[in-house]
Amino acid sequence: MLGFLIFNRTGRCLFINAHGEQLLGIAKPKLKELFTATDRPPFRSFNVDLLKHDGFYQDVMVQKADGGFVANVGVKRVNVSGVHAVLIMLQDVTLQKKLQREISAKQNEIKAAFEELLKQNQQLKELDLAKDRFIALTSHELRTPLAAIYASAEILKMKLYDTPEQMTEFIEMIYEQGHHLQELVNDILDFAKIQAGKMDFFVGQYDLIPFVDAIMNHYVGMAEANNVKLECQKPSAPLPCYFDDVRLRQVLSNIINNAIKYNRQGGSVKIHFESSADMVKVFVEDSGKGIPADQFDKVFNEFETVGNMSQHHKGTGLGMPISRKLTEAMGGKLLLKSTVGVGSTFWVEVPAQKVLEESFYQKRPDASADFAA
Ligand code: ADP
């Protein structure tokens, strides 16, 4: 519906139709009252001067006592019975404008979602390529120890050794490479299981202190052999928290093992704890050569680390990626800070409360109750 108004040259209203009155809420408005000169972006205010421009047609802000509205205004000079006058037509387009704004906001949302989808698609493509690379590299790493085992076994079978010592060397080679192969296969299977979301967790409440102490004791011999001092600062009060004992043992063993393995002669590994209402934390601080900050991601990235397997100290390079995934699956975190030349600290945060789906808090069928709280 259109509002019609006719003004004479002095700005007096000669005519206003019913819809015009309804729109403006004034019976016979003066031109001055109707439109103010204040600009309210994004709409220009309707200035009296604009009446000089015959054929004016645009959206303007119309002022009213209760705040105003957006109108689509058209101005036309007319001649009524020899009297020069100005005809103004207006239509309330506030709702239209609001809808337009909403449509444009929705369009922006759709655009952003589409861009996100494109990004995710690209990431999936990259992941797919990385997986291919992972499979190729892993197959290579599996073949190497297998070839060594096969060659050594063949030498033994054909008695191609000269001395009993040589024979023992080949047997040891089979044993070592067999062990390495077993670790590799276990790691790859674990990794695949977590990736596929097929790993079962049996989370219970345990005191973290005796749990860590027992793992640490397991590494006393290795630390001595590497000339590394192993220490633990134990708080006096227990630190109950929720975790899967088998899986967290795997994670902490890996961290402590690395802290000794990548340490220096005469170095140290210090373990300490911290706790808050939500999390219990165990820190493993070593005095090794440290890891540059730009390499942190690589430590936890299965694809990167496998690519550099030759640099691993008889490890598979999957230990850390698996450890991080296991910790996160249990509602915790595995983090790292390090200073090159000083050492690294890996720490695990374990939830102090139940934060996982109820299905995680099941009893292991053959659970050992060694550390049950
Ligand atoms: P690996 O079997 O090679 O030890 P991990 O997944 O356990 O594999 O660790 C990945 C890599 O992170 C290691 O090869 C090593 O380069 C680095 N790293 C892990 N722990 C430490 C540490 N405490 N100090 C220095 N480097 C470490």
Side-chain angles (χ1 to χ4, degrees), residues 133-192 213-232 246 249-271 284 286-291 295 298-299 302-323 341 343-344 346:
R133 199 161 64 94
F134 176 74
I135 291 167
L137 285 162
T138 315
S139 321
H140 169 76
E141 293 301 324
L142 288 172
R143 264 195 218 112
T144 312
L146 202 59
I149 292 169
Y150 186 73
S152 304
E154 197 166 32
I155 289 168
L156 289 174
K157 185 176 171 234
M158 306 193 55
K159 300 196 169 39
L160 292 176
Y161 47 87
D162 297 328
T163 60
E165 288 76 26
Q166 260 188 357
M167 184 182 85
T168 314
E169 271 176 32
F170 286 117
I171 293 173
E172 265 170 19
M173 166 79 93
I174 291 176
Y175 178 79
E176 267 180 30
Q177 293 297 318
H179 180 69
H180 180 54
L181 197 59
Q182 189 188 36
E183 279 190 339
L184 258 172
V185 170
N186 283 345
D187 276 2
I188 292 166
L189 291 180
D190 266 3
F191 184 76
D213 201 33
I215 299 171
M216 202 184 90
N217 283 336
H218 190 76
Y219 283 94
V220 170
M222 179 184 173
E224 271 173 17
N226 283 265
N227 192 17
V228 168
K229 209 171 146 205
L230 198 52
E231 304 166 32
C232 183
V246 170
R249 189 176 297 125
Q250 186 177 348
V251 171
L252 289 171
S253 299
N254 192 21
I255 295 174
I256 298 173
N257 184 53
N258 280 348
I260 301 171
K261 189 165 74 171
Y262 296 110
N263 220 309
R264 59 176 165 81
Q265 279 287 320
S268 65
V269 173
K270 293 177 184 159
I271 299 177
V284 180
D286 68 50
S287 59
K289 67 181 166 74
I291 305 164
Q295 304 280 307
K298 290 192 176 170
V299 173
E302 61 278 14
F303 305 122
E304 296 281 357
T305 191
V306 170
N308 294 319
M309 263 192 187
S310 51
Q311 291 166 22
H312 302 308
H313 289 242
K314 287 188 185 169
T316 63
L318 281 172
M320 279 298 154
I322 290 174
S323 296
S344 314
F346 285 78

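Start at 1 with the first residue, then count along the sequence. Keep in mind that what you see is a predicted model, and the values were worked out from it rather than measured.
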For this session: Could you give me the CA-CA distance, side-chain angles and deciding distance for L142 and L146, then say whether side chain to side chain contact (heavy atoms under 4.5 Å, CB included) is met?
Result: CA-CA 6 Å; L142 288 172; L146 202 59; over 6 Å; no
Got a list of side-chain donor-acceptor pairs under 3.5 Å for residues 161-168, not counting sequence neighbours?
from: T163; atom 1: OG1; to: Q166; atom 2: N; distance (Å): 3.1
from: Q166; atom 1: OE1; to: D162; atom 2: N; distance (Å): 2.6
from: T168; atom 1: OG1; to: P164; atom 2: O; distance (Å): 2.9

Exercise. Between the side chains of N263 and S287, does any donor sit under 3.5 Å from an acceptor?
Worked result: yes
Exercise. Do the side-chain N and O atoms of Q250 and D190 include a donor-acceptor pair separated by under 3.5 angstrom?
Worked result: yes
Separation of [Y] [atom2] from [X] [atom1] (nearest 0.5 Å):
X    : Y    : atom1 : atom2 : answer
I255 : S344 : CD1   : OG    : 11.5 Å
E169 : S152 : CD    : OG    : 10.0 Å
R264 : N226 : CZ    : CG    : 13.0 Å
F170 : L160 : CZ    : CG    : 8.5 Å
L230 : H218 : CG    : NE2   : 12.0 Å
K157 : I155 : NZ    : CD1   : 13.0 Å

For this session: Identify which one of V251, L252, N257 satisfies the side-chain contact (heavy atoms from CB on, under 4.5 Å) criterion when paired with I215.
Result: L252
Problem set entry | Side-chain heavy-atom pair V269, Y219 within 4.5 angstrom cut-off | no
Exercise. Going through the distances and angles, do D286 and V228 end up as a side chain to side chain contact (heavy atoms under 4.5 Å, CB included)?
Worked result: CA-CA 9 Å; D286 68 50; V228 168; over 6 Å; no
Problem set entry | Exercise: identify the closest heavy-atom pair between P145 and L184 | CG-CD1, 4.5 Å
Exercise. What closest approach, in Å, do D187 and I322 show between heavy atoms, and which atom pair accounts for it?
Worked result: O-CD1, 3.2 Å
For this session: Any salt bridge (Lys or Arg N to Asp or Glu O under 4.0 Å) involving residues 213-223? Give me the pairs, sequence neighbours left out, ordered by first then second residue.
Result: D213-K234
For this session: Just jot down the side-chain contact (heavy atoms from CB on, under 4.5 Å) partners of N258, sequence neighbours excluded, or say none.
Result: N254, K261, Y262, M320
Exercise. When you check the gap from the basic side-chain N to the acidic O, do E141 and R143 get nearer than 4.0 Å?
Worked result: no
